[in-house]
Amino acid sequence: MTSIVDIHPHIISDDEGKYPPAPLFGKRSDWSRERPSTVEALIAAMDAAGVAKAAVVHSSTTYGFDNSYVVDGCNKYAGRLVAVGSVDVLQPDAVQRIREWQARGLAGLRLFTGGSTKEFDPSELDDPRSFPAWELCAELGLTMCIQTGPVGLPQVTALAKRFPGVKIILDHLARPDVTDGPPYAKAASLFELAPLENIYFKLTPRIFGDVRKEKASADTFFPKVVQAFGAQRLAWGSNFPTSPGTLAEILATAQAGTACLSEQDRAWIFSKTAKTLYPGLA
């Protein structure tokens with residue numbers, strides 16, 4: 001298989017004086033306290049797992065909108081890592097902030113609408129105050145990843161249509177309900193996104209766990225996903241260290257879950273799609 005690329009690990013500094021926690025929504029995530037991983041620890045885990053490169057996702061539930069650590073950490077390993085950060089796109093200075101962070105090394109953006117510390121609130125996604133930030137992403141060629149669930153897919157659809165020049169990646173495959181098994185009717189809102197070719201998806205530990213539950217299975221679900229979207233719109237993300245286990249264990253689970261797919265499809269999922277989303281990884 002081609003060299004493996006991970007587009008969803010996180011890093012947490014062990015120097016709170018230099019990088020003080022200031023979590024979004026005022027509540028720090030449990031994982032960031034219990035399983036922190038510095039950039040050096042991530043590199044060691046990548047080496048142990050055989051992961052060549054990574055797009056490191058800023059921890060909003062640790063640092064809010066201060067991307068300093070993810071940028072500094074990725075710059076330290078510029079040949080292997082690129083940084084994906086967060087900016088408050090509803091603020092009047094969002095465009096200026098994005099330009100400043102890009103100048104410091106930011107390679108992509110992420111909107112965190114909820115998750116481990118807060119219920120999903122997709123209202124900011126289609127707030128017109130965010131549109132200048134989206135227009136700048138189109139201008140600069142910055143990919144935008146979004147953390148939301150099925151509740152936010154109508155807003156994601158509207159954004160994809162309004163900004164067709166922006167590549168959008170949905171974290172955790174947009175968290176579909178797959179428990180009903182084939183033909184996966186409960187995940188209809190996910191498959192309805194297929195015609196929107198600028199929407200991409202991350203395959204993370206959440207979905208590899210979900211396809212083991214109730215009537216779902218990897219062998220029936222992942223071929224359906226590839227048929228709907230094409231492997232060129234799918235990319236693997238470890239969610240390390242948020243998800244339990246070593247990076248090597250997380251990767252092994254993903255590789256086992258996608259064993260039903262062709263080698264060509266797996267090459268896109270574990271490497272080639274990531275390089276189209278973040279050219280700095282190519």
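The figures that follow rest on heavy atoms only: side chains count, while hydrogens, waters and symmetry mates do not.
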Practice item. I would like to know whether Asp171 and Arg206 meet salt bridge (Lys or Arg N to Asp or Glu O under 4.0 Å); could you show each step before the answer? Key: CA-CA 10 Å; Asp171 290 350; Arg206 169 178 286 273; over 6 Å; no

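- A salt bridge does not link Arg233 with Glu197: none of the charged nitrogens is closer than 4.0 Å to a carboxylate oxygen.
- Listed for the Ser86 side chain is no donor-acceptor partner under 3.5 Å among the backbone atoms of Gly64.
- Here the side chain of Thr38 pairs no donor or acceptor atom with the backbone of Asp14 at under 3.5 angstrom.
- Salt bridge Lys53/Asp6: absent, no basic N to carboxylate O contact under 4.0 Å.
- Of all non-hydrogen atoms in Arg80 and Val51, the two that sit nearest each other are NH2-O, 2.9 Å.
- Without hydrogens or angle criteria, Asp177 side chain to Ala187 main chain gives no donor-acceptor distance under 3.5 Å.
- Taking the centre of each ring, Phe221 and Phe208 stay at or above the 6.0 Å mark.
- Taking the six-membered ring for Trp and thresholds of 30 and 60 degrees, Phe163 and Phe131 have ring planes more than 60 degrees apart, a perpendicular arrangement.
- Cation-pi contact between Lys224 and Phe191: present, with separation from the ring centre below 6.0 Å and deviation from the ring axis of at most 45°.
- Side-chain atoms of Thr273 come within 3.5 Å of backbone N or O of Trp268 as a donor-acceptor pair.
- The shortest side-chain heavy-atom distance between Ile199 and Phe201 falls under the 4.5 Å cut-off.
- When only modelled atom types and interatomic distance are considered, Asp93 and Gln96 share no side-chain donor-acceptor pair under 3.5 Å.
- Note: His58 and His10 fail the aromatic proximity criterion, with ring centroids not under 6.0 Å apart.
- Within 6.0 Å of the CZ atom in Arg33, the count of heavy atoms belonging to other residues, nucleotides or ligands exceeds 12.
- Across all non-hydrogen atoms, the minimal contact from Thr253 to Arg212 is CG2-NH2, 3.5 Å.
- If you check the side chains of Asp15 and Tyr69, you find no donor sitting under 3.5 Å from an acceptor.
- With salt bridges taken as basic N to acidic carboxylate O contacts below 4.0 Å, none links Glu263 and Lys272.
- Thr143 places a side-chain N or O within 3.5 Å of a backbone atom of Leu277 that can act as its donor or acceptor partner.
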Practice item. Might you work through the salt bridge (Lys or Arg N to Asp or Glu O under 4.0 Å) test for Glu135 and Arg162, ending with a clear yes or no? Key: CA-CA 10 Å; Glu135 290 164 359; Arg162 180 180 285 271; over 6 Å; no

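- His172 is listed as a side-chain neighbour of His8, based on a closest heavy-atom distance under 4.5 Å.
- No side-chain donor from either of Ser217 and Asp219 sits under 3.5 Å from a side-chain acceptor of the other.
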